[in-house]
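One structure below.
Letters A, B, ... mirror the listed sequences (proteins, then strands); counts begin at 1.
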Amino acid sequence: MTETQHPQRDAAATLPAQYQPGEVEGRRYEKWVAEGRFRASADSDKPPFTIVIPPPNVTGSLHMGHALDHTEQDMLIRRKRMQGFEALWLPGMDHAGIATQNVVERQLAAEGLSRHDLGREKFVERVWQWKAESGGAILGQMRRLGDSVDWDRERFTMDDGLSRAVQTVFKRLYDDGLIYRAERIINWCPRCLTALSDIEVEHTDDEGELVSIRYSDDVVVATTRAETMLGDTAVAVHPDDERYRHLIGTEVELPLTGRRIPIVGDEHVDPSFGTGMVKVTPAHDPNDFEIGQRHDLPSLTIMNERGVITAPGPFEGLDRFEARPAIVAALREQGRIVAEKRPYVHAVGHCSRCRTTVEPRLSLQWFVNTAPLARAAGDAVRDGRVRIEPADLAKRYFAWVDNMHDWCISRQLWWGHRIPVWYGPEGEVVCVGPDEEPPSGPGWRRDEDVLDTWFSSALWPFSTLGWPDQTPDLAKFYPTSVLVTGYDILFFWVARMMMFGLYAMDGRQPFDVIVLHGMVRDQFGKKMSKSFGNVVDPLDWIDRYGADATRFTLARGANPGADVPVSEDWCQGSRNFCNKLWNATRFALMNGAHVAGELPGPERLSTVDRWILSRLQHVIAEVDEQFEAYEFAKVCDTLYHFAWDDVCDWYVELAKPVLGAGGEAAATTRRVLGHVLDQLLRLLHPVVPFVTDELWTALAGDGADGGVGGNGTLLTAAWPVAEPALLNDAAEAEIAVLQRVVTEIRRFRSDQGLRPGQRVAARLDGLAGAGVAAHEPLIRSLVRLDEAGPDFQASATLAVSGEVSVALDTRGSIDVAAERARLEKDRAAAEKEAAQARAKLDNPAFVGKAPEPVVQKIRERLAVAEADLARIGTALEALPS
RNA sequence: GGGCGCGUAGCUCAGUGGGAGAGCACUCGCCUUACAAGCGAGGGGUCGCAGGUUCGAAACCUGCCGCGCCCACCA
């Protein structure tokens, strides 16, 4: 390409002075999708790289947590795609059992209807209709963020295929005896009218009242749930408790009921708590249930599913929270309340979906026997088949899988996967597989319940790939490569995917690496909450600052496993960074930078070119390491500083005089600048895909060879590979000296209040000794120094470094006091440095025990400090007194 | 009650055995034709406290203080 032909200049002319994300993003995204850039193929020869998206709720909309989660996944996927992997990022949604049913039920309530008015079939139809009309808003929002997901493979947990996977796994677990039905105390939500698993219950410290009730002269028990006494079927004491041993085997009359109940001895009772006597209500308390089992006590249910008292008598029909004070009042009237502790703060469970106080309730439910599954899930991490990043968080994972309770999987809902079990007239129980005919005939009925929504999400990594069929997708893309999610659903989801993945896929793990991030928080580290008013909507930031800025802000704060604080200021900073890239590329285009042809050989490169190319190789290597360690924040930091400090602040500034001068040097610089930007944009593409693709196509042209299957888009351009041959320590050292000289002169100009435009005559001494003599014109040009003329009269001497000093003629008086103060300060610092180094070297213990490289380093440090002192001394002497 | 983690500049955080760092904020000077969403320069920290290990500690150990999170069936 000759100097006069620069088609890029036309491109530059079309670029406005500021990056307008709104103008670029929509069009870029639709182009990517239309060209099928996100599509993965099972037939490909390329090695697979797979991520399945943590399926958002069909009722959900994009919040900052998703934006963070998706940014990390998109960064991984986009980089692997550029590296030549068959990269599949599979999107989809979760049917979100209770959440979705609640949404539709609220809609019905507005019409004055309940789901029972419609009936099961019509209600489920209605939910599907809701999904078609208003569900999945988040999918559109993912496009705004730039998620490079394969839309052709979008899945939903209630799809036919996934439902078949659910039924297959259920049947297998049932046949293996790992699923069973039992009457147990479970967590019951009296509002949602369904059972909940342990982890769907959130405990908070609530205020209550602990009352001590005298059942008889000898028997006093304490409780926070007085209403449950109606269901007491025993009183328990510790069998070794001297005070009460004689009572074991006797009976006591239960107040308000007239029933006589036994006193039993049970190890569970803590003699040191309260009176050491416990009322036993097997139907309404998990501990009491176990005591009841051990002593063969009857379980007396005194409350219905809505928490209303059903025990016959004066309290029948009262809500549990009305019955409580009523019963306490009645007991008080009888003089049976011997003590009240109020307020009494204790942990109370709430429905994670609606906050209603959970009621322990005896009921017949389906459970997964988790012991063998959880052991396998733990072992897969213990033996290294699955890695958790950051590794510290594995402790939390083990704490969970090694102490897992059986999982209650049945839900008394209508929206979800219905339990595939039929009951016959003679008490038969038949579990039906997906390809089997269910039993029919008089008296047969199907189980009414559906499965916990997490049951189907636990199958997500393989049900989405076509399992139970042996599909090409499954063969190509399972196990998935990385799972990216927040540590908050380690238990809900990750551990269960591990259990079911290992089980259903015959011991093959669902993913190789689990990458955990934290929660997005505000700029003060506070949790985002509606009541606190600090919630930020990512779409708002995307509108105002662009998707790239939003992504960069999140990724830049994403330290492994840690919460991610964000603020609008930081997002503006990210927007500014995108704009910086924009303008750097604009500058390059206006000056004819290009990517055509080979890089000039080493003999044609200037030191400045060698320096920036060397820096680039370091950056490529660092970014690769940081990506492999899932250090998203460090990736961003490395590229931010390289782009802004090295490329924009130094290389572009150093290139300006060369480009202005024209000739062969300018031609070389145009090519090197094009190369550096080309590589930089590639490296940045995973985190800021829109602006980089826009700029890269302008720089490389639409017909550019993008490397791996690339034709005019950065998406499939080859990921940079560091070239050791381009590393150049000598050039880096030279430019470091140049930078010190320039910075010191600027420092002087700034301290002395010299106007930036004002030219000053100067004599630069010792550049040759420092090996940077060739850079004198560059230095002079950067800091506007004229040659020393015949009338040159130094009014200040700057001690820079090494042999370099700069004598300046400011053509006027300088602020001697300011310069002296500055030098004194520098001298004090150098003296301190020298003293510290000498103290170490004078210490025989240090010299004897410290490794030689460290000692050598200290010697060098001392030498530098002494040289500094000498130069500062000279400069001080040179100052007019 | 059990477990995990954190305390470094005004704010948010990197740094985990050998010269205290970044972003933002702050101060001063600049519209220097890529960019004022910018440029240049600068100030600012007894690394929570107290012991210990070490030639050497922000980092490793112990204790204390403060903060956070997760798990949990003391009625």
Side-chain angles (χ1 to χ4, degrees), chain A residues 12 15 17-19 185 198-199 203 210 221-225 228 236 268-270 272-275 277-281 285-290 346-347 349 360 392-393 395-396 399-400 403 487-488 490-491 518-519 521-525 527 545 549 556-557 559 561-567 569-570 572-591 631 633-634 636-637 640-641 648-649 652-653 656 742-743 746-751 753-757 783-784 833 836-837 840 843-851 853-855 857-858 861 864-865:
Chain A
L15 295 182
Q18 286 186 343
Y19 174 50
I185 297 276
D198 290 347
I199 51 178
H203 293 268
L210 183 70
V221 298
T223 183
T224 53
R225 293 156 67 215
T228 62
H268 166 75
V269 179
D270 176 2
S272 64
F273 185 88
T275 60
M277 301 182 117
V278 179
K279 59 189 281 301
V280 181
T281 322
D285 183 277
N287 286 317
D288 295 5
F289 179 74
E290 284 175 22
H346 61 134
D392 291 351
L393 286 176
K395 283 183 225 159
R396 279 202 206 190
W400 172 254
N403 300 290
Y487 59 67
D488 58 325
L490 194 56
F491 309 141
M519 309 294 105
R521 293 172 173 264
D522 76 5
Q523 59 194 306
F524 304 111
K527 203 179 208 167
Y545 305 112
R556 202 179 185 192
N559 291 118
D563 288 343
V564 180
V566 296
S567 89
D569 283 350
W570 305 341
Q572 280 176 13
S574 303
R575 182 267 318 260
N576 296 354
F577 177 59
C578 294
N579 193 49
K580 192 73 180 172
L581 298 173
W582 183 262
N583 276 293
T585 309
R586 246 179 98 226
F587 170 84
L589 293 171
M590 290 190 306
N591 285 280
E631 294 269 14
K634 289 195 170 75
C636 293
D637 203 55
Y640 180 92
H641 285 290
C648 291
D649 287 348
V652 166
E653 293 307 318
K656 280 177 181 173
V742 167
T743 300
R746 283 173 176 165
R747 196 276 309 160
F748 177 81
R749 299 188 67 126
S750 184
D751 280 1
L754 297 175
R755 299 190 59 79
V783 287
R784 292 158 213 272
E833 178 77 18
Q836 279 176 354
K840 287 207 167 194
N843 180 353
F846 171 73
V847 179
K849 294 193 181 181
V854 172
V855 177
K857 212 162 148 188
I858 302 295
R861 203 183 296 162
V864 169

Could you list all N or O pairs between the protein and nucleotides 31-35 of chain B that sit under 3.5 Å apart?
residue : atom : partner  : partner atom : Å
B:A34   : OP1  : A:Lys656 : NZ           : 3.2
B:A34   : O2'  : A:Asn583 : OD1          : 2.6
B:A34   : O2'  : A:Arg586 : NH1          : 2.6
B:A34   : N7   : A:Lys656 : NZ           : 3.3
B:A34   : N6   : A:Cys648 : O            : 3.2
B:A34   : N6   : A:Glu653 : OE2          : 3.2
B:A34   : N3   : A:Asn583 : O            : 3.0
B:A34   : N3   : A:Ala584 : N            : 3.3
B:C35   : O4'  : A:Asn583 : OD1          : 2.9
B:C35   : O4'  : A:Asn583 : ND2          : 3.3
B:C35   : O2'  : A:Asn579 : ND2          : 3.3
B:C35   : O2'  : A:Asn583 : ND2          : 3.4
B:C35   : O2   : A:Lys580 : NZ           : 3.0
B:C35   : N3   : A:Lys580 : NZ           : 2.7

Can you tabulate the close N/O pairs, meaning under 3.5 Å, that link protein atoms to atoms of nucleotides 73-75 of chain B?
residue : atom : partner  : partner atom : Å
B:C73   : O2'  : A:Asn287 : ND2          : 2.7
B:C73   : N1   : A:Asn287 : OD1          : 3.3
B:C73   : O2   : A:Asn287 : OD1          : 2.1
B:C73   : O2   : A:Asn287 : ND2          : 2.6
B:C73   : N3   : A:Asn287 : OD1          : 3.3
B:C74   : O2   : A:Asp270 : OD2          : 3.2
B:A75   : OP2  : A:Tyr344 : OH           : 3.2
B:A75   : O2'  : A:Ala222 : O            : 2.7
B:A75   : N6   : A:Asp270 : O            : 2.7
B:A75   : N6   : A:Phe273 : O            : 3.2
B:A75   : N1   : A:Asp270 : N            : 3.3

Please list, for nucleotides 51-53 of chain B, all pairs of protein and nucleotide N/O atoms separated by less than 3.5 Å.
none

Sort me out a list of protein N/O and nucleotides 18-24 of chain B N/O pairs below 3.5 Å, or just none if empty.
residue : atom : partner  : partner atom : Å
B:G19   : OP1  : A:Arg861 : NH2          : 2.7
B:A22   : O2'  : A:His641 : NE2          : 3.3

Protein-nucleic acid N or O pairs under 3.5 Å, nucleotides 42-48 of chain B:
residue : atom : partner  : partner atom : Å
B:G43   : OP1  : A:Lys825 : NZ           : 2.3

Check: protein-nucleotides 4-7 of chain B nitrogen or oxygen pairs below 3.5 Å:
residue : atom : partner  : partner atom : Å
B:G5    : OP1  : A:Lys395 : NZ           : 2.6

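Taking atom C1' in both B:G66 and B:C49, the straight-line distance is 10 Å, to the nearest Å. The same atom, P, is picked in B:G48 and in B:C11; the two are 14 Å apart, to the nearest Å. With C1' as the reference atom, B:G18 and B:A58 are 13 Å apart, rounded to whole Å. Spacing between B:A25 and B:G45 at atom C1', rounded to whole Å, works out to 16 Å. Comparing B:C13 with B:C69, their P atoms are spaced 13 Å from each other, to the whole Å. Between B:C47 and B:G15, the two C1' atoms lie 11 Å apart (nearest whole Å). Look at the C1' atom in both B:G42 and B:A9: the space between them is 15 Å, to the nearest Å. With both ends at atom C1', the span from B:C28 to B:G44 equals 15 Å, rounded to whole Å.
Here A:Asn403 lies out of heavy-atom contact (under 4.0 Å) with every strand. A:Phe491 comes within 4.0 angstrom of sugar-phosphate atoms only, judged by non-hydrogen atoms across all strands, and of no base.
For A:Arg396, the side-chain hydrogen bond (donor to acceptor under 3.5 Å, both in side chains) test picks out no residue, with sequence neighbours left out. Residues passing the salt bridge (charged side-chain N to carboxylate O under 4.0 Å, His left out) test with A:Arg575, sequence neighbours excluded: none. Evaluation of the salt bridge (charged side-chain N to carboxylate O under 4.0 Å, His left out) rule for A:Arg749 yields no partner, not counting sequence neighbours. Residues meeting the side-chain hydrogen bond (donor to acceptor under 3.5 Å, both in side chains) test with A:Glu653, sequence neighbours left out: A:Lys656. With sequence neighbours excluded, no residue satisfies salt bridge (charged side-chain N to carboxylate O under 4.0 Å, His left out) with A:Asp522. Evaluation of the salt bridge (charged side-chain N to carboxylate O under 4.0 Å, His left out) rule for A:Arg746 yields no partner, not counting sequence neighbours.
Shown here, B:C35 forms no base pair; nothing in the strands shown gives a Watson-Crick or G-U wobble contact with both key distances under 3.5 Å. Under the Watson-Crick or G-U wobble criterion, with both distances below 3.5 Å, B:G43 has no partner in any strand shown. Across all strands shown, B:U54 remains unpaired; no Watson-Crick or G-U wobble contact has both distances below 3.5 Å. In this entry B:U16 has no Watson-Crick or G-U wobble partner, no candidate having both defining distances under 3.5 Å. Nucleotide B:G1 forms a pair with B:C71, judged by Watson-Crick or G-U wobble geometry with both contacts under 3.5 Å. Nucleotide B:G7 has B:C65 as its partner under the Watson-Crick or G-U criteria, with both atom distances under 3.5 Å. Both distances falling under 3.5 Å, in either a Watson-Crick or a G-U wobble arrangement, occur for no nucleotide opposite B:A59.
Shown here for A:Asp288 and A:Thr281, the closest heavy-atom pair between the two residues is OD2-N, 2.7 Å. Taking every heavy atom of both residues into account, A:Cys578 and A:Tyr19 meet most closely at CB-CD2, 4.1 Å.
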Self-check item: Candidate pair A:Ser574 and A:Arg556, rule side-chain contact (heavy atoms from CB on, under 4.5 Å), full reasoning
Solution: CA-CA 9 Å; A:Ser574 303; A:Arg556 202 179 185 192; 5.7 Å; no
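A:Phe273 pairs with exactly one of A:Thr275, A:Asp270, A:Val269 by the side-chain contact (heavy atoms from CB on, under 4.5 Å) rule, that one being A:Asp270.
Residue A:Lys634 contributes atom NZ, which lies 11 Å from atom C1' of B:U16 at whole-angstrom precision. What separates CD of A:Gln523 from P of B:C11 is a distance of 12 Å, to the nearest Å. In this structure, the CG atom of A:Asp563 is 9 Å from the C1' atom of B:G68, given to the nearest Å. Per the geometry, CG belonging to A:Leu754 stands 13 Å off C1' belonging to B:C30, to the nearest Å. The separation between A:Arg749 atom CZ and B:A41 atom P is 12 Å, rounded to whole Å. The distance from atom CG of A:Leu581 to atom C1' of B:A37 is 12 Å, rounded to the nearest whole Å.
Rounding to the nearest 0.5 Å places OH of A:Tyr487 at 8.5 Å from CG of A:Leu393. To the nearest 0.5 Å, atom CE of residue A:Met590 and atom OG1 of residue A:Thr585 are 11.0 Å apart.
A donor-acceptor pair under 3.5 Å links the side-chain atoms of A:Asn583 to the main chain of A:Ala17, judged by distance alone. A:Asn591 places a side-chain N or O within donor-acceptor distance of the main-chain N or O of A:Phe587, the cut-off being under 3.5 Å.
Side-chain N/O atoms of A:Arg746 and base N/O atoms of B:A41 include no donor-acceptor pair closer than 3.5 Å.
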